[in-house]
Protein chains: 2
Amino acid sequence: MSDDGHAATPVAGRRMTSSELTVWRTLIDTTAELRRILGAQLLQDSGLSPADYQVLLALSEAAGRRLRSSELAAIIGWERSRLSHHLNRMERRGLIGRNHCATDSRGSEVSLTDDGARMFSGATLPHLRAIKRHFTDALTPEQVEALADVLRALQSHLHPEPTTRVEEKRP
Amino acid sequence: MSDDGHAATPVAGRRMTSSELTVWRTLIDTTAELRRILGAQLLQDSGLSPADYQVLLALSEAAGRRLRSSELAAIIGWERSRLSHHLNRMERRGLIGRNHCATDSRGSEVSLTDDGARMFSGATLPHLRAIKRHFTDALTPEQVEALADVLRALQSHLHPEPTTRVEEKRP
DNA sequence: GGCATATGATTGACGCATCAACATTGACGC
DNA sequence: GCGTCAATGTTGATGCGTCAATCATATGCC
């Protein structure tokens with residue numbers, strides 16, 4: 001009567017060791033620190049927050065540099081409400097524009113302004129260099145590969161579906 | 001010429017490969033997802049946010065279950081202003097109490113209430129189980145060790161100081 | 001057509017984090 | 001004591017993220 005695939009997994013009843021817990025906490029702390037450092041650097045270099053960067057990245061890769069609001073939300077994995085609030089602030093700063101959608105009167109289309117495109121393209125190189133400096137340069141190629149392996153394991157545990165989760169994203 | 005400590009490192013002038021960039025983005029996305037999942041689980045199981053949990057953890061381990069405000073801030077690595085705001089909200093909920101410090105009239109002492117201690121102790125086990133379920137159970141012991149190695153490399157790159165403070169000038 | 005329901009998008013309220021003042025008090029030199 | 005400076009802790013303003021509620025429109029069913 002087993003109805004699903006992962007019901008019978010033994011999942012090693014033992015408790016976590018304290019060193020496993022330490023690895024967990026270090027993972028959270030270290031990634032938080034990296035996000036903080038790179039976010040501050042990005043803001044200082046370009047005046048863009050990491051959230052701004054994500055939005056502008058998706059828009060700059062879109063055909064015609066414009067996207068429906070909900071497509072944009074799906075691409076960057078945000079809730080629509082969050083996106084709407086953030087687009088308000090970005091519109092006020094002149095980074096993006098909004099028009100009514102031609103094919104669906106409910107929808108709205110978000111477009112990259114020239115100012116937004118300029119800001120984004122000025123932000124890209126310093127940001128990539130900062131990632132390299134603080135992340136890639138710290139690791140050997142073997143360590144990068146080991147980390148990729150760990151992340152694959154975590155992802156496939158989070159999302160048992162066989163669909164590949166790591167979509168390709170270009171700078 | 002350069003003032004920082006790692007001048008002699010060749011720092012491989014080459015750019016990042018796209019797979020290195022993908023590993024970086026996956027690291028950020030995956031840890032964000034884990035934080036989100038575990039935070040939501042914690043809140044649902046115990047009514048405590050991750051921030052509450054950190055504060056209560058530090059207090060519950062302190063001698064007499066009380067700490068000076070700035071010590072607490074140092075232990076959990078928060079800015080004092082953030083802590084002050086958060087303690088206001090936790091005090092309103094009856095999780096902690098505040099008294100004037102006896103030895104320093106500027107200071108304030110934060111103490112764990114019985115309610116706070118109960119909430120925290122009820123939160124601990126489910127939280128540890130959730131970490132095990134979503135993190136530890138996804139990895140082999142070898143992967144955990146490889147991740148620990150990667151985190152050590154990242155940390156020592158972020159903080160060039162050797163882990164042990166070797167020398168300290170005393171007046 | 002006409003009505004119920006679903007969907008796209010926005011808004012307001014609230015909790016939270018950061019930043020820049022601010023008030024108070026301790027420490028040290030004189 | 002007095003003056004300066006550092007440290008402790010708080011507050012207000014502002015931006016951000018989440019939740020529930022809302023509005024307008026599209027879709028489907030009869």
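Every chain is numbered from 1 and lettered A, B, ... according to where its sequence line falls, protein lines coming before strand lines.
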Should the side chain of [X] and the base of [N] be counted as holding a donor-acceptor pair, with the cut-off at 3.5 Å?
X       : N      : result
A/Ser81 : D/dC19 : yes
A/His85 : C/dG12 : yes
A/Arg89 : D/dG15 : no

Starting at [atom1] of [X] and ending at [atom2] of [N], how long is that distance when rounded to a whole Å?
X        : N      : atom1 : atom2 : value
B/Leu72  : D/dG9  : CG    : P     : 10 Å
A/Arg68  : C/dT10 : CZ    : C1'   : 14 Å
B/Arg92  : C/dC16 : CZ    : C1'   : 12 Å
B/Arg82  : D/dG9  : CZ    : P     : 17 Å
A/Met90  : C/dT10 : CE    : P     : 14 Å
B/Arg106 : D/dA6  : CZ    : C1'   : 8 Å
A/Asp52  : D/dG15 : CG    : P     : 12 Å
A/Ile96  : C/dA9  : CD1   : P     : 13 Å

**Message:** When you measure from the side chain of A/Gln44 to the backbone of A/Gln41, do you find a donor-acceptor pair of N or O atoms at a distance under 3.5 Å?
**Reply:** no

**Message:** Quick check against the 3.5 Å criterion: does B/Asp29 have a side-chain atom that pairs as donor or acceptor with the backbone of B/Thr26?
**Reply:** no

**Prompt:** Considering heavy-atom distances to DNA chain D, does A/Ala51 or B/Asn88 have its closest nucleotide positioned more toward the 5' end?
**Reply:** B/Asn88

**Request:** Given side-chain hydrogen bond (donor to acceptor under 3.5 Å, both in side chains), test B/Gln155 with A/Thr30 step by step and report yes or no.
**Result:** CA-CA 7 Å; B/Gln155 279 292 337; A/Thr30 305; 2.8 Å; yes

**Prompt:** If you measure from the Lys or Arg side-chain nitrogens to the Asp or Glu carboxylate oxygens, is any gap between B/Arg98 and B/Glu109 under 4.0 Å?
**Reply:** no

**Prompt:** So, are A/Arg65 and A/Asp114 salt-bridged, with charged N and O less than 4.0 Å apart?
**Reply:** yes

Using a cut-off of less than 4.0 Å, is there contact between a side-chain N or O of [X] and OP1 or OP2 of [N]?
X        : N      : value
A/Ser70  : C/dA9  : yes
A/Ser105 : D/dA26 : yes
A/Arg98  : C/dT10 : yes

**Message:** Check the orientation of A/His86 and A/Trp78. Use parallel for under 30°, tilted for 30 to 60°, and perpendicular for over 60°.
**Reply:** perpendicular

**Asked** Contact class for A/Ser69 vs. all strands (heavy atom < 4.0 Å): base, sugar-phosphate, or nothing?
**Response** sugar-phosphate

**Message:** Between B/Glu20 and B/Arg15, is the salt bridge (Lys or Arg N to Asp or Glu O under 4.0 Å) condition met? List the steps.
**Reply:** CA-CA 10 Å; B/Glu20 284 168 340; B/Arg15 298 218 303 263; over 6 Å; no

**5′-ward residue of the pair B/Arg93/B/Glu79 relative to DNA chain C** = B/Arg93

**Prompt:** Closest nucleotide of DNA chain C for A/Glu109 versus for B/Trp78: which of these residues is on the 5' side?
**Reply:** A/Glu109

**Item:** Pairing stems for DNA chain C [at least three consecutive pairs; Watson-Crick or G-U; under 3.5 angstrom]
**Value:** C:1-30 with D:1-30

